[in-house]
Trainee: 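Before anything else, here's the structure in question.
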2 protein chains.
Amino acid sequence: MKLTEAKAQFIASWGAFGSHWGINRTMAQIHALLMISPDPLTQDDIMEQLNISRGNVNMNIRELIDWALVDRVIVPGERKEYFSAEKDIWKVARLIVKERKKRELDPMLKLLDQLREVEGDKKDKNVKQFTDTVNGIKRFGEQADKMLEVLVKSDESWFIGSLMKFFK
Amino acid sequence: MKLTEAKAQFIASWGAFGSHWGINRTMAQIHALLMISPDPLTQDDIMEQLNISRGNVNMNIRELIDWALVDRVIVPGERKEYFSAEKDIWKVARLIVKERKKRELDPMLKLLDQLREVEGDKKDKNVKQFTDTVNGIKRFGEQADKMLEVLVKSDESWFIGSLMKFFK
DNA sequence: TAACTTTTTCAATCAATTTTGAAATTTCAG
DNA sequence: CTGAAATTTCAAAATTGATTGAAAAAGTTA
């Protein structure tokens, strides 16, 4: 397979993959393009290579910078801004987990806490099933939260090393 | 908080939460409703409680059954079909991981395998960055795959127990 | 400061996904 | 069988989310 074709495939799949994981298609494609580019790119490079508009590139680049997946790079003597992606996939995973935990898991756990205090007769099976379900999810969520926290804070070698042993 | 209000909030949030996790909003809401219902419900019950059309309920219920998150229940002496959700949240998590691993991770790993064999000069920095990136993601994906496999196969007590110890 | 380049914004448009609802099909009791 | 009840299908409509592009703002140089 030729590099050009391989690149196109990689970018397309990373985009599709990302869109299942809470990252929008274009944002993931830009990230993919930057991950396989040895040098930083400008907005115009990205527009051209992905065939998307300037506004689109700009918004999604900003979002990627928010997630800390992409950095602005200053190239001395150049007027334009350049961008480069975090290429260490473990770091990428940690950044994504960190961001999604903050945006989704934490608010959900907070809500579940409130919902546990529903008023009503404990003997009513509707109340019972509701609180049982909410409590179950809360406990599960707390476990997940703890694990993810460790993952986010870990460095690869330690994490992989320990886990490899753990899972035999 | 009243039960009615709490239910509405739970269903709405579970729907929003699910939509970030590859499960469509309505599908997640139906699942939420069934999780907090002590008894199985009919399509009409679901239509009424969530204010959605018959066709919508039907399609999403079928999808939930595909995922094994919901079962058809036969109520003796009743013509209508009843549905009930898996309520053990650990089992729910395992079913979701299993399905998404099959649908997303496995195909991605297969693609990455192909992309590793891109032809071209290893000295070309474009080729080098491409293969380095693809290889990195492949190795990471393989690790993730192994872990998830263990998770999918595990039973809760063992998994939680071991992990609790592991993460102190 | 003025002239020019680059970045950002956002209303309008476009695309993709979801939802509806009525018709077709299936199921089943009598 | 028959006919009413229940389920399924799917084209069209509605909704939601993504993208464009031109205008405004910000930044740079001389």
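A, B, ... follow the sequence lines: proteins, then strands. Residue 1 opens every chain. Computed over heavy atoms, backbone and side chain alike; hydrogens, waters and symmetry mates excluded.
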Trainee: Is it the case that B:Thr133 and B:Gln129 place a side-chain donor and acceptor less than 3.5 Å from each other?
Mentor: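 On atom types as modelled, these side chains qualify, holding a pair under 3.5 Å.
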Trainee: For DNA chain C, which residues in residues 26-40 of chain A have a heavy atom at a distance below 4.0 Å?
Mentor: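 Contacts with DNA chain C under 4.0 Å: none.
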Trainee: Report yes if some heavy atom in the side chain of A:Met108 is under 4.5 Å from a heavy atom in the side chain of A:Leu112; otherwise report no.
Mentor: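 When only atoms from C-beta onward are counted, A:Leu112 and A:Met108 do touch, with a gap below 4.5 Å.
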Trainee: Regarding A:Lys128 and A:Asp132, does a basic nitrogen lie under 4.0 Å from an acidic carboxylate oxygen?
Mentor: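 A salt bridge links A:Lys128 with A:Asp132.
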Trainee: Roughly, in whole Å, what's the span from CD1 in A:Ile23 to C1' in D:dA18?
Mentor: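 Between C1' of D:dA18 and CD1 of A:Ile23: 16 Å.
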Trainee: Can you tell me how far P of D:dT19 sits from CG of A:Leu50, to the nearest Å?
Mentor: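 Result: 11 Å.
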Trainee: Do any of residues 75-84 of chain B sit with a heavy atom less than 4.0 Å from DNA chain D, and if so which?
Mentor: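 The stretch gives B:Arg79, B:Lys80, B:Glu81 as the residues lying under 4.0 Å from the strand, ordered by number.
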Trainee: How is B:Asp44 classified with respect to the nucleic acid when contacts are heavy atoms under 4.0 Å: base, sugar-phosphate, or nothing?
Mentor: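 No contact.
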Trainee: Would you sort out whether B:Lys2 and B:Glu5 count as a salt bridge (charged side-chain N to carboxylate O under 4.0 Å, His left out), showing the intermediate values?
Mentor: CA-CA 5 Å; B:Lys2 280 278 207 305; B:Glu5 194 197 335; over 6 Å; no
Trainee: Using the six-membered ring wherever Trp is involved, compare the ring planes of A:Phe140 and B:Trp90 and label them parallel, tilted or perpendicular (cut-offs 30° and 60°).
Mentor: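 A:Phe140 and B:Trp90: perpendicular rings.
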Trainee: Which residue pairs pass the salt bridge (Lys or Arg N to Asp or Glu O under 4.0 Å) test with at least one member in residues 30-39 of chain A, sequence neighbours excluded?
Mentor: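 Only A:Asp39-B:Lys125 qualify under salt bridge (Lys or Arg N to Asp or Glu O under 4.0 Å).
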Trainee: Using a heavy-atom cut-off of 4.0 Å to chain B, what are the terminal contacting nucleotides of DNA chain C, in 5' to 3' order?
Mentor: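 Extent of the interface on DNA chain C: C:dT18 to C:dC28.
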Trainee: Can you tell me if A:Glu48 has over 12 outside heavy atoms packed within less than 6.0 Å of its CD?
Mentor: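 Count not over threshold, so no.
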Trainee: Would you say the side chains of B:Ser53 and B:Asn56 form a donor-acceptor pair under 3.5 Å?
Mentor: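 Distance-only check fails for B:Ser53 and B:Asn56.
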Trainee: Looking at every non-hydrogen atom in both residues, tell me the closest pair between A:Gln49 and A:Leu33 and how far apart they are.
Mentor: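 So the minimum-distance heavy-atom pair works out to OE1-CD1, 3.6 Å.
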Trainee: Dump the pairs, protein N or O against N or O of nucleotides 20-24 of chain D, anything under 3.5 Å, distances to one decimal.
Mentor:
unit_1: D:dT20; atom_1: OP2; unit_2: A:Ser53; atom_2: N; d: 2.7
unit_1: D:dT20; atom_1: OP2; unit_2: A:Ser53; atom_2: OG; d: 3.0
unit_1: D:dT20; atom_1: OP2; unit_2: A:Asn56; atom_2: ND2; d: 3.2

Trainee: Identify, with sequence neighbours excluded, every residue that meets side chain to side chain contact (heavy atoms under 4.5 Å, CB included) alongside A:Arg100.
Mentor: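 A:Trp21, A:Trp67, A:Ile96, A:Glu104, B:His20, B:Trp21.
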Trainee: As a quick check of understanding, evaluate side chain to side chain contact (heavy atoms under 4.5 Å, CB included) for B:Glu86 and B:Asp71, giving each step before the final call.
Mentor: CA-CA 8 Å; B:Glu86 174 56 55; B:Asp71 283 326; 5.7 Å; no
Trainee: I want to check something: taking the side chain as every heavy atom from C-beta on, are A:Glu119 and B:Leu3 in contact at a cut-off of under 4.5 Å?
Mentor: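 With C-beta onward as the side chain, the pair stays apart.
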Trainee: Using a strict threshold of under 4.0 Å (side-chain N to carboxylate O), is an ion pair present between A:Arg139 and A:Glu142?
Mentor: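 A:Arg139 and A:Glu142: not salt-bridged.
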